[in-house]
Visitor: 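Sending over a structure as structure tokens; questions will come in a sec.
These figures come from a predicted structure and were not determined experimentally. Letters go in sequence order (proteins before strands), and every chain restarts at 1.
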Amino acid sequence: KAGVTQTPRYLIKTRGQQVTLSCSPISGHRSVSWYQQTPGQGLQFLFEYFSETQRNKGNFPGRFSGRQFSNSRSEMNVSTLELGDSALYLCASRADRDEQFFGPGTRLTVL
Amino acid sequence: LAKTTQPISMDSYEGQEVNITCSHNNIATNDYITWYQQFPSQGPRFIIQGYKTKVTNEVASLFIPADRKSSTLSLPRVSLSDTAVYYCLVGSYGGATNKLIFGTGTLLAVQP
């Protein structure tokens with residue numbers, strides 16, 4: 001069974017731009033969660049989607065948004081990028097009542 | 001959600017057993033304890049999960065005392081490739097409560 005895949009793996013943007021990251025969960029997993037990891041703040045929960053509905057949300061500004069499609073694939077969007085948004089963005093999927101499986105992440109650099 | 005406290009770093013040598021302890025004083029009745037391993041620039045990888053007493057799998061053991069306010073991850077005979085950050089998390093799975101909060105983690109450095 002293929003693991004969680006994230007695209008792109010690396011991305012460079014400039015301040016003020018927007019970016020969309022994609023995550024394909026493990027087949028059969030309906031829950032997709034997003035995390036931001038930075039050296040200073042560690043791993044922080046962004047939000048979780050389950051069956052196309054946002055089920056949980058972390059403490060991030062509204063510039064961070066996401067969505068999930070009927071095939072469980074998820075996208076995360078960050079608008080008006082700031083230097084502080086430079087981070088490794090991780091996606092994780094899970095079947096209900098099971099552990100989360102993480103993807104390799106997307107390394108976003110904002111210049 | 002329960003907050004966890006772990007040592008920031010630990011050092012070990014190849015072949016030794018390593019025990020990493022995590023404190024979670026405010027663990028809820030329906031919370032599980034889960035440990036993840038993370039290598040640089042990779043996503044965390046699930047190691048082991050438990051609710052109480054002892055759980056063992058092919059890579060680690062997890063010891064949880066009766067009061068569940070702490071847990072210990074035991075890695076037998078570590079190798080250089082076990083150098084990584086280890087995260088302890090508590091939370092319940094399923095429903096609307098799946099919101100994992102990662103602590104600072106423990107950086108385990110294994111030396112030859």
Visitor: Please check: side-chain N/O of B:Tyr36 versus main-chain N/O of A:Gln100, any donor-acceptor pairing under 3.5 Å?
Guide: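 Such a contact is found between B:Tyr36 side chain and A:Gln100 backbone.
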Visitor: Would you say B:Leu108 ends up clustered with B:Leu80 if hydrophobic residues are merged whenever their side chains have heavy atoms under 4.5 Å apart, either directly or through other cluster members?
Guide: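 B:Leu80 and B:Leu108: one cluster.
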Visitor: What distance do A:Leu43 atom CG and B:Thr104 atom OG1 have between them, rounded to the nearest 0.5 Å?
Guide: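 One gets 11.0 Å once the value is rounded to the nearest 0.5 Å.
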Visitor: Please classify the contact between A:Gln41 and chain B as side chain, backbone, both or neither, with a heavy-atom cut-off of under 4.5 Å.
Guide: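 Neither part.
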Visitor: Same cluster or not: B:Phe39 versus A:Val4, using hydrophobic residues (I, L, V, M, F, W, Y) connected whenever any side-chain heavy atoms lie under 4.5 Å apart?
Guide: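 Hydrophobic grouping puts B:Phe39 apart from A:Val4.
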Visitor: Considering all heavy atoms of both residues, which atom of B:Ser41 and which atom of A:Arg107 are nearest to each other, and what is their separation?
Guide: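 Residues B:Ser41 and A:Arg107, closest heavy atoms: OG-NH2, 3.4 Å.
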Visitor: Could you measure the distance from the CZ atom of A:Phe102 to the CD atom of B:Gln42? Nearest 0.5 Å is fine.
Guide: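 A:Phe102 CZ to B:Gln42 CD: 13.0 Å, rounded to 0.5 Å.
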Visitor: Are A:Ile26 and A:Met76 in one and the same hydrophobic cluster, where Ile, Leu, Val, Met, Phe, Trp and Tyr link if side-chain heavy atoms are under 4.5 Å apart?
Guide: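 No.
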Visitor: Identify whether B:Tyr13 and B:Val110 are in the same connected component of the hydrophobic contact network (ILVMFWY, side-chain heavy atoms under 4.5 Å).
Guide: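 No, no single cluster joins them.
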Visitor: What about A:Trp34 and A:Phe64, same hydrophobic cluster or not, with Ile/Leu/Val/Met/Phe/Trp/Tyr joined at side-chain heavy-atom distances under 4.5 Å?
Guide: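 Same cluster.
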Visitor: Looking only at heavy atoms and a cut-off of under 4.5 Å, which of A:Cys91, A:Pro104, A:Gly42, A:Ala92 has the most pairs with chain B?
Guide: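 The residue among A:Cys91, A:Pro104, A:Gly42, A:Ala92 with the greatest pair count is A:Pro104.
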